[in-house]
2 protein chains.
Amino acid sequence: MASYRDVAELIRQDVAAGTWAADRPIPGIDKLRDRYGVARETAHRAVKALVAEGLLYSIPRRGTYIRPPLPAPTRIRDRQAYRDEIGYFFDLGAQDWRAVGPAIPPQVGVPPSDVADVLGVARKDHVMVRDRAIGPPDADLPEQLATSYLPMPLVGQLPILGAPNTGPGGIYDRIEEHFGKAIEWEETVSARPATAHEQQALRIGSGLPVLIITRTSRIDDHQVVEVNQTRMAADRYSVSYGVRRSESAVFPRPSAA
Amino acid sequence: MASYRDVAELIRQDVAAGTWAADRPIPGIDKLRDRYGVARETAHRAVKALVAEGLLYSIPRRGTYIRPPLPAPTRIRDRQAYRDEIGYFFDLGAQDWRAVGPAIPPQVGVPPSDVADVLGVARKDHVMVRDRAIGPPDADLPEQLATSYLPMPLVGQLPILGAPNTGPGGIYDRIEEHFGKAIEWEETVSARPATAHEQQALRIGSGLPVLIITRTSRIDDHQVVEVNQTRMAADRYSVSYGVRRSESAVFPRPSAA
DNA sequence: CAGTGGTCTAGACCACAAC
DNA sequence: TTGTGGTCTAGACCACTGA
């Protein structure tokens, strides 16, 4: 009796050995049941485990396919704040990206609690939420989901932040004009399993993670004027930054406790 | 007939409603079967899905528990290159971290293919591999797994890079002394599902991702002298960087195709 | 209409943990 | 000894795809 882990390992080996063409479905679950001499459920469980692992992906009622080995040069970007005639972007490869799919008008709602904390509002407070799915100009499906959160007091002073169209330079130019000062950005990168909605919108395999860039915009180094969360498939994106050298050549080591 | 997704949703609601204490096991699979009136397999499948999602975690033969809502302030760090009397570190919160568990002597081996590419060596070439599990001084389990890859030609010129102990300032000081130039660092953040080994070593729930920081060390802005990969549980860590403003105020937009 | 991935059921074991 | 999570089996449907 072979366990589903054993079967998964056998399938892994068959995939590595090139037993099946990469662009065609691998044998169906009933075929795999015969091939490895196990119950159908067991074969299915093995396939499901490999799907969760990212080696395979399944399209219901069509077949199970081998996931191409990560479109080799997983796109990497040196994150900086770039500006062109139209607005800001933080990724040289995404300068001409635009909103994909139906436009979602800005709404007022409750942000995720981690965003609320950074934004400095209470967990249940309302904020302005600007949601977009973005991708290359000719794409019909988005590559990333970007959500911008703005504190209501600021929107009260600057109502255009709640408008569908915020004009050239977007919200960042409006905010800098309003304060007469430059915005400073900090980005935090995190990851978690993709939600069902993200799996669907970004074509993420079941069980695979999303990479999340949380960008905090500040004025005067402390007042948070915006928090932006951009989500993308972790198997298609990674994010790169230059690392600066701390200014003190030798950093004092805390005395032992 | 309720599907396992329905049951999972019901369990989600029960967890959110606080039906079960957070620090004690939730009812066993057989209890859940009765509670929701489904087959045992179905109840088990629902639990397994929630474990993969990160809401629950199971300890075989002991019970299934509610995962505590991420130790609130998921540690965030402003990544910089810091230096103290002992050596370099890139995270202010990890200045006093040390190797945890058995010391692994430096070895010669084949690096992952993405590392080989960055390092500029062929996919099958050998490099020097320095592997460490690190964590706080009093911890018995590591928080992060750090692996350093060095090109063999450099190790030939600087044999100390293959020694267990590389002296004060570690490999970075040795390399800077050798070249008489400063190292420049770039970090790339990515994520993928944790391997079985990482799940065990870092206590990562099944199906949850690891966050990977790949740090590339260069001399003269082009020669790669080291690649370091640090892996950590994505539900316990995130990484932050300052974003600098691109030097050209307005970045030219490529002409339309 | 046949083949597909996906699902549910009912029943049976297993190895280990806690008592 | 009892309860636990985990696993395997055999059989049955289902909704949909693609020929």
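Residue numbering restarts at 1 for every chain, and letters A, B, ... go by the order of the sequence lines. Computed from a predicted structure; not experimentally measured.
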**Asked** In whole angstroms, how far is the C1' atom of D:dT2 from the CG atom of B:D30?
**Response** 12 Å
**Request:** Please check the phosphate of C:dG3 (OP1 and OP2 only) for any side-chain N or O of A:K31 closer than 4.0 Å.
**Result:** no
**Prompt:** Counting just side-chain N and O atoms, does A:Y4 come under 4.0 Å of either OP1 or OP2 of D:dT7?
**Reply:** yes
**Fill in**
B:L32 CG to D:dG3 P, in whole Å, measures 16 Å
**Item:** DNA chain D: 5'-proximal contact among A:T42 and B:G28 (nearest heavy atom)
**Value:** B:G28
**Request:** Give the minimum heavy-atom separation between A:A191 and B:L211, together with the two atoms involved.
**Result:** CB-CD1, 3.8 Å
**Prompt:** Contact class for A:R33 vs. all strands (heavy atom < 4.0 Å): base, sugar-phosphate, or nothing?
**Reply:** nothing
**Message:** Could you tell me how far apart B:Y57 (OH) and D:dT4 (P) are, to the nearest whole angstrom?
**Reply:** 17 Å
**Message:** Do A:S238 and B:S190 pair up side chain to side chain, a donor and an acceptor below 3.5 Å, judged on atom types alone?
**Reply:** no
**Fill in**
In short, side chain to side chain donor-acceptor pair (under 3.5 Å) pairs touching residues 128-141 of chain A with sequence neighbours left out are A:D131-A:T147
**Prompt:** Regarding B:R79 and the six-membered ring of A:Y241, is the cationic atom NZ or CZ under 6.0 Å from the ring centre and inside 45° of its axis?
**Reply:** no
**Prompt:** Are OP1 or OP2 of C:dT4 and a side-chain N or O of A:S58 less than 4.0 angstrom apart?
**Reply:** no
**Message:** For C:dT7 and B:S3 - does any side-chain N or O of the residue sit under 4.0 Å from the phosphate oxygens OP1/OP2?
**Reply:** no
**Message:** For a quick check under 3.5 Å, do B:T230 and B:Q144 share a side-chain donor-acceptor pair by atom type?
**Reply:** no
**Nucleotide C:dC8, atom P - distance to NZ of B:K48 in whole Å** = 14 Å
**Asked** What is the distance, rounded to the nearest whole Å, between atom CD1 of A:I29 and atom P of C:dA2?
**Response** 20 Å
**Message:** Rounded to whole Å, how long is the line connecting atom CG of A:L56 with atom P of C:dG6?
**Reply:** 11 Å
**Message:** Whole angstroms only, please: what is the CZ-P distance between A:R5 and D:dC8?
**Reply:** 8 Å
**Prompt:** Rounding to a whole Å, what distance do you find between B:I26:CD1 and D:dG3:C1'?
**Reply:** 15 Å
**Asked** Is there a donor in the side chain of A:E143 and an acceptor in the side chain of A:Y237, or the other way round, less than 3.5 Å apart?
**Response** yes
**Within 45° cone and under 6.0 Å: A:R24 NZ/CZ vs A:Y65 ring** = no
**Message:** Protein within reach of the bases, or only the backbone? For nucleotides 10-19 of chain D, mark each nucleotide 5' to 3' as B, S or -, using heavy atoms under 4.0 Å.
**Reply:** B-B--BBSS-
